[in-house]
Amino acid sequence: MSSPDNERHTVLMLLTSDFVVTRYESLRRKAPELTIVTELAPGLNDDVTALFTFKLPTGIAARLPNLRLAASVGAGADGILSASDLPASVRVTRACDDDLGLSMAQYVVLQILRVFRGLPTLERQHASGDWARLPIPDATKCTVGIMGVGQTGSVVARAVASLGFRVVGWTRAARTETDLEIFSGGEALPEFLSQCDFLVCLLPLTDSTRGMLNKSIFSTVRKGCYFINAARGGIVVEDDLLETIDNEELSGAALDVFDQEPLPRSSPFWGHPKILVTPHSAAQPAVEAVVDQFIENLRRLSAGEPLMYELNRDLGY
Ligand code: NDP
């Protein structure tokens with residue numbers, strides 16, 4: 001009988017995009033002893049103990065009777081948890097590395113400073129040879145609200161605060177932070193939103209957050225607030241966001257994530273003068289780190305040890 005540490009796992013990887021293919025190639029190199037399959041096949045499905053994927057369409061998990069782990073190759077596992085037939089007993093993990101928060105902080109700081117210091121105006125002036133000084137705004141009088149102060153949000157909060165901005169956070173569970181003012185839960189949301197000059201969404205996409213940023217929520221945000229979404233497109237009702245910007249209740253938005261990705265060419269977000277679209281590129285755990293983490297989690301699964309970056313299936317993050 002094999003010891004837990006050398007239990008033979010069969011991993012199913014659904015090669016839905018180049019993003020997954022890169023991780024597939026790395027896993028094959030790093031763990032040649034693993035059996036890795038890329039599609040369902042009669043006679044093989046009973047062997048599959050783990051999924052390593054970004055998206056999991058409904059209809060697959062139910063055909064894998066011995067599935068124990070569904071690991072996301074990305075930082076969010078919403079693409080796996082959306083499968084309605086994923087048994088509650090299957091453990092779900094997401095990918096993370098030490099630099100994820102740092103990359104996200106760079107993205108958010110880039111978007112805030114671009115607007116705060118008037119970069120589009122300066123670029124126009126540069127193009128036309130126009131020497132016109134812009135006023136230097138006072139960051140201490142500008143409040144940045146961060147929805148979701150987790151793995152990435154906490155690093156973003158520190159980076160933004162280090163530039164002099166007032167930073168407030170919104171979380172699900174109450175917490176006692178010394179260096180950050182935290183609002184928690186639905187009751188505190190209107191008060192949190194009413195203070196924000198910049199609103200940064202870094203929430204996970206779950207049953208509680210899907211579509212939560214809608215017309216009614218946007219109407220409680222401070223007028224003229226600038227919105228940054230680097231989390232998941234499904235958290236925002238996109239038509240409502242567009243209407244709120246066109247009504248000038250929000251001053252604009254930087255959007256990295258969308259309901260449908262790649263963002264269709266026909267989307268009104270492209271080219272909108274008050275919106276900056278970026279192609280889901282704010283932050284990404286490094287391929288090697290993601291694959292090492294998965295291999296380690298297979299070992300831990302066999303050994304009965306706690307998994308790295310395991311999600312709470314009840315909360316969805
Ligand atoms: P975490 O899971 O580490 O943190 C989630 C945070 O959101 C926590 O503070 C949590 O509160 C809060 N939260 C969750 N649900 C609710 C709720 N219902 N109400 C209020 N607060 C809630 O997430 P990450 O920081 O790792 O990721 C954040 C988002 O960014 C995810 O959507 C992820 O997929 C996305 N992402 C996007 C990338 C990109 O390139 N665009 C790259 C990396 C991540 P509490 O502290 O109370 O638990």
Side-chain angles (χ1 to χ4, degrees), residues 1-97 100 204-207 232 234 261 280 284-317:
M1 195 178 133
S2 59
S3 74
D5 281 7
N6 59 21
E7 177 186 0
R8 295 297 299 267
H9 285 284
T10 296
V11 178
L12 171 62
M13 292 191 75
L14 303 169
L15 306 183
T16 47
S17 67
D18 289 352
F19 185 73
V20 191
V21 171
T22 333
R23 284 137 188 85
Y24 168 70
E25 286 164 355
S26 170
L27 183 63
R28 279 180 31 152
R29 264 196 320 276
K30 283 179 177 254
E33 72 285 1
L34 272 182
T35 306
I36 309 171
V37 297
T38 56
E39 52 192 16
L40 294 175
L44 203 67
N45 299 350
D46 287 4
D47 296 341
V48 174
T49 47
L51 276 164
F52 191 34
T53 188
F54 194 57
K55 290 190 177 147
L56 177 61
T58 297
I60 291 186
R63 292 158 69 188
L64 306 172
N66 294 310
L67 182 66
R68 290 158 63 200
L69 170 66
S72 174
V73 297
D78 44 283
I80 289 177
L81 292 171
S82 58
S84 58
D85 58 350
L86 186 69
S89 58
V90 174
R91 299 169 73 181
V92 177
T93 58
R94 67 199 184 100
C96 217
D97 71 12
L100 191 70
L205 178 61
T206 65
D207 290 345
R232 285 293 181 263
E261 295 181 6
H280 199 146
Q284 206 179 88
V287 177
E288 301 301 298
V290 171
V291 170
D292 288 347
Q293 185 191 304
F294 176 67
I295 294 169
E296 169 63 11
N297 268 344
L298 285 182
R299 190 198 65 76
R300 292 184 182 206
L301 185 71
S302 298
E305 295 173 14
L307 302 182
M308 298 162 79
Y309 303 111
E310 181 169 8
L311 273 71
N312 176 325
R313 291 286 311 266
D314 292 331
L315 295 174
Y317 72 97

S.K.: Which residues pass the salt bridge (charged side-chain N to carboxylate O under 4.0 Å, His left out) test with Arg94, not counting sequence neighbours?
M.R.: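 Arg94 satisfies salt bridge (charged side-chain N to carboxylate O under 4.0 Å, His left out) with no other residue.
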
S.K.: What pair of heavy atoms forms the shortest contact from Ser26 to Val291, and how long is it?
M.R.: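 Heavy-atom minimum between the residues: OG-CG2, 3.5 Å.
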
S.K.: To check you understand the geometry: which heavy-atom pair defines the closest contact between Gly316 and Thr206, and what is its length?
M.R.: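 Scanning both residues completely, I find the closest heavy atoms to be O-CG2, 3.4 Å.
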
S.K.: Show me the pairs that pass side chain to side chain donor-acceptor pair (under 3.5 Å) and involve residues 306-316, at least two apart or across chains.
M.R.: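 Qualifying pairs: Arg91-Glu310.
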
S.K.: Please name the pair of heavy atoms, one in Pro32 and one in Arg29, separated by the smallest distance, quoted to 0.1 Å.
M.R.: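 Heavy atoms only, the tightest pair is CD-O, 3.6 Å.
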
S.K.: Please report the closest heavy-atom contact between Ala70 and Ile80, naming both atoms and the distance.
M.R.: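 Minimum heavy-atom separation between Ala70 and Ile80: CB-CG2, 3.9 Å.
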
S.K.: Rounded to the nearest 0.5 Å, what separation is found between the CZ atom of Arg23 and the CG atom of Leu15?
M.R.: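 That separation rounds to 12.0 Å.
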
S.K.: What's the separation between atom OG in Ser302 and atom CZ in Arg68, rounded to the nearest 0.5 Å?
M.R.: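 If I round to the nearest 0.5 Å, the distance is 5.5 Å.
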
S.K.: With side-chain contact (heavy atoms from CB on, under 4.5 Å) as the criterion, how do Val11 and Leu69 come out once you've worked through the C-alpha distance, each side chain's angles and the decisive distance to 0.1 Å?
M.R.: CA-CA 9 Å; Val11 178; Leu69 170 66; over 6 Å; no

S.K.: Nearest heavy-atom pair of Thr58 and Ser82: which atoms, and what distance?
M.R.: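 Smallest interatomic distance, heavy atoms only, reads OG1-O, 4.0 Å.
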
S.K.: Are any side-chain N or O atoms of Asp97 and backbone N or O atoms of Leu100, one a donor and one an acceptor, separated by less than 3.5 Å?
M.R.: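 Answer holds: yes.
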
S.K.: Write out all pairs satisfying side chain to side chain donor-acceptor pair (under 3.5 Å) with one or both partners inside residues 31-54, taking only residues at least two apart or from two chains.
M.R.: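 For residues 31-54, and leaving out neighbouring residues, the side chain to side chain donor-acceptor pair (under 3.5 Å) pairs sorted by first residue read His9-Thr49.
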
S.K.: Restricting to side chain to side chain donor-acceptor pair (under 3.5 Å), what partner residues turn up for Glu296, sequence neighbours left out?
M.R.: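 Checked Glu296 against side chain to side chain donor-acceptor pair (under 3.5 Å); matches are Arg299, Arg300.
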
S.K.: Between the main-chain N or O of Met308 and the side-chain N or O of Asn297, is there a donor-acceptor pair closer than 3.5 Å?
M.R.: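 A pair under 3.5 Å: yes.
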
S.K.: If I take atom CG from residue Leu307 and atom CG from residue Leu298, how far apart are they, to the nearest 0.5 angstrom?
M.R.: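 Separation between the atoms: 9.5 Å.
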
S.K.: Applying side-chain contact (heavy atoms from CB on, under 4.5 Å), run through Lys55 and Leu14 and close with a yes or a no.
M.R.: CA-CA 8 Å; Lys55 290 190 177 147; Leu14 303 169; over 6 Å; no

S.K.: Ignoring hydrogens, what is the shortest heavy-atom contact between Ala77 and Leu311? Give both atom names and the distance.
M.R.: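 The pair with the smallest heavy-atom distance is CB-CD2, 3.8 Å.
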
S.K.: How would you list all residue pairs meeting ring-ring contact (aromatic ring centres under 6.0 Å, His included) that involve residues 17-72, not counting sequence neighbours?
M.R.: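 As it turns out, the ring-ring contact (aromatic ring centres under 6.0 Å, His included) pairs with a partner in residues 17-72, which skip direct neighbours, are Phe19-Phe54, Phe52-Phe294.
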
S.K.: Which residues pass the side chain to side chain donor-acceptor pair (under 3.5 Å) test with Asp292, sequence neighbours left out?
M.R.: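 Counting only residues at least two positions away or on another chain, Asp292 forms a side chain to side chain donor-acceptor pair (under 3.5 Å) with Lys30.
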
S.K.: For Leu67 and Leu51, run side-chain contact (heavy atoms from CB on, under 4.5 Å): C-alpha distance rounded to whole Å, both residues' side-chain angles, the deciding distance at 0.1 Å, then the answer.
M.R.: CA-CA 8 Å; Leu67 182 66; Leu51 276 164; 3.7 Å; yes

S.K.: When Leu64 is tested against each of Leu12, Leu86, Val90 for side chain to side chain contact (heavy atoms under 4.5 Å, CB included), which residue passes?
M.R.: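 Only one option passes, and that is Leu12.
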
